[in-house]
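See below for the structure under consideration.
Since we're looking at a predicted model, the values are computed, not measured. Chain A is the first sequence line, chain B the second, and so forth, proteins listed ahead of strands; every chain is numbered from 1. All values below come from the heavy atoms of this structure, side chains included, with hydrogens, waters and symmetry mates left out.
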Amino acid sequence: MNSFKKIPVKNFQRGALEVAPFLLGKLLVRKINNRFLVTRIVEVEAYLNDDPASHSFGRVTERNKAMYGAGGHFYVYFIYGNYFCVNVVTNVKDHGEGVLIRAVEPIEGMEEMRKNRNDITKDQDISNGPGKLCMALHIDKKFYGLPVNGEDLFIAYDNRTHEFETSISKRIGLSVSVETEHRYFIKGNPYVTKHKFNK
DNA sequence: CGACCGATTGACT
DNA sequence: GTCAATCGGTCGG
């Protein structure tokens with residue numbers, strides 16, 4: 001698999017609540033040393049501007065300014081002194097919205113991803129979490145603000161046909177309590193983060 | 001410039 | 001199940 005159909009930036013310039021379920025089942029691909037690490041997105045969360053849980057809430061800062069750029073670019077942030085997480089910015093410029101990619105399923109290059117995860121033994125631990133998948137794919141701040149149809153990290157359509165059922169829930173790990181169900185995941189997929197919210 | 005804190009993870013009981 | 005590590009971003013003084 002190396003003829004990828006990258007998804008144009010324009011597809012992400014609509015509301016985060018539309019983009020989030022759209023991203024499920026799409027491919028997140030990382031090119032390293034001319035080889036491809038291919039994964040399938042299985043869990044995401046939408047963050048809006050008027051949302052107290054969103055990094056874009058309040059005002060534009062040095063960290064969140066990518067969320068206020070045009071949809072179709074990556075917003076990468078560093079958290080808990082250890083981890084990176086990656087989002088897709090949504091809507092047109094100045095909206096301050098995005099979709100966090102919370103979990104992916106390895107499709108190609110799984111053993112290389114496992115090495116990036118310190119040779120962890122259980123397959124699902126390679127990429128069942130926003131910090132874990134960034135480690136597995138070597139995603140860091142160098143992708144901050146870059147377009148989602150770029151060279152070394154991009155999102156593509158999956159050529160194969162996959163039936164799946166989408167579930168929703170409240171979001172995970174928030175320091176503020178929010179009742180809205182803005183988390184979307186592929187029901188039953190083993191790489192979805194384990195949580196009581198799962199249906 | 002100092003203090004506080006987090007859209008997490010991994011180690012441990 | 002619980003809990004602490006860890007440090008850049010953010011904000012207050």
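Here Y83(A) lies in heavy-atom contact (under 4.0 Å) with a base. As judged by a 4.0 angstrom heavy-atom cut-off over every strand, L100(A) is placed among the base-contacting residues. Contact annotation for K65(A): no contact, since no heavy-atom pair falls under 4.0 Å across all strands.
Considering only heavy atoms from C-beta on, L137(A) comes within 4.5 Å of L28(A) through its side chain. Contact check for D123(A) versus P106(A): no side-chain heavy atoms found under the 4.5 Å cut-off.
dG13(C) is unpaired under the criterion used here, namely a Watson-Crick or G-U wobble arrangement in which both key atom distances are under 3.5 Å. Nucleotide dC3(C): paired with dG10(B) (Watson-Crick or G-U wobble, both distances less than 3.5 Å).
One interatomic measurement links the two molecules: NE2 of H55(A) to P of dT8(B), which rounds to 8 Å at whole-angstrom precision. The distance from atom CD1 of I79(A) to atom P of dC4(B) is 18 Å, rounded to the nearest whole Å. In this structure, I120(A) atom CD1 and dG10(B) atom P are separated by 6 Å, rounded to whole Å. Atom-to-atom, OH of Y75(A) to C1' of dG9(C) comes out at 9 Å; the value is rounded to the nearest Å. Rounding to whole angstrom units, CD1 of residue I172(A) and P of dG6(B) are separated by 17 Å. The separation between N82(A) atom CG and dT6(C) atom C1' is 5 Å, rounded to whole Å. Summarising the geometry, the separation between CG on N116(A) and C1' on dT9(B) is reported as 17 Å, rounded to the nearest angstrom. Atom OH in Y144(A) sits about 11 Å away from atom C1' in dG9(C), given to the nearest Å.
A distance cut-off of 5.5 Å between ring centres, combined with a plane angle under 30°, places Y80(A) in a stacking arrangement with the base of dT8(B). In this structure, Y47(A) forms an aromatic stack with the base of dA7(B), since both conditions hold: centre separation below 5.5 Å and plane angle below 30°.
Considering only side-chain N and O atoms, K122(A) lies nowhere under 4.0 angstrom from the phosphate OP1 or OP2 of dG10(B). Between K132(A) and dG10(B) there is a side-chain polar atom (N or O) within less than 4.0 angstrom of OP1 or OP2. At least one side-chain nitrogen or oxygen of T61(A) sits closer than 4.0 Å to the OP1 or OP2 atom of dT10(C).
Checking R117(A) against S175(A), the closest nucleotide of DNA chain B that is more toward the 5' end is the one next to S175(A). Of the two residues near DNA chain C, G81(A) and R63(A), the one whose nearest nucleotide lies more 5' is G81(A). Residue-to-nucleotide proximity on DNA chain B shows that, of S54(A) and M135(A), the 5′-proximal contact is made by S54(A).
Under the 3.5 Å distance criterion, with hydrogens and angles disregarded, a donor-acceptor pair is assigned to the side chains of E97(A) and T90(A). Side-chain atoms of Y75(A) and H55(A) include a donor-acceptor pair closer than 3.5 Å. A side-chain N or O of N189(A) and one of E105(A) form a donor-acceptor pair less than 3.5 Å apart.
Of the listed nucleotides (dA7(B), dC7(C), dT10(C)), dT10(C) has the atom at the smallest distance from the side chain of E62(A).
Annotation: F143(A) is not in aromatic contact with F84(A) [ring centroid separation under 6.0 Å not met].
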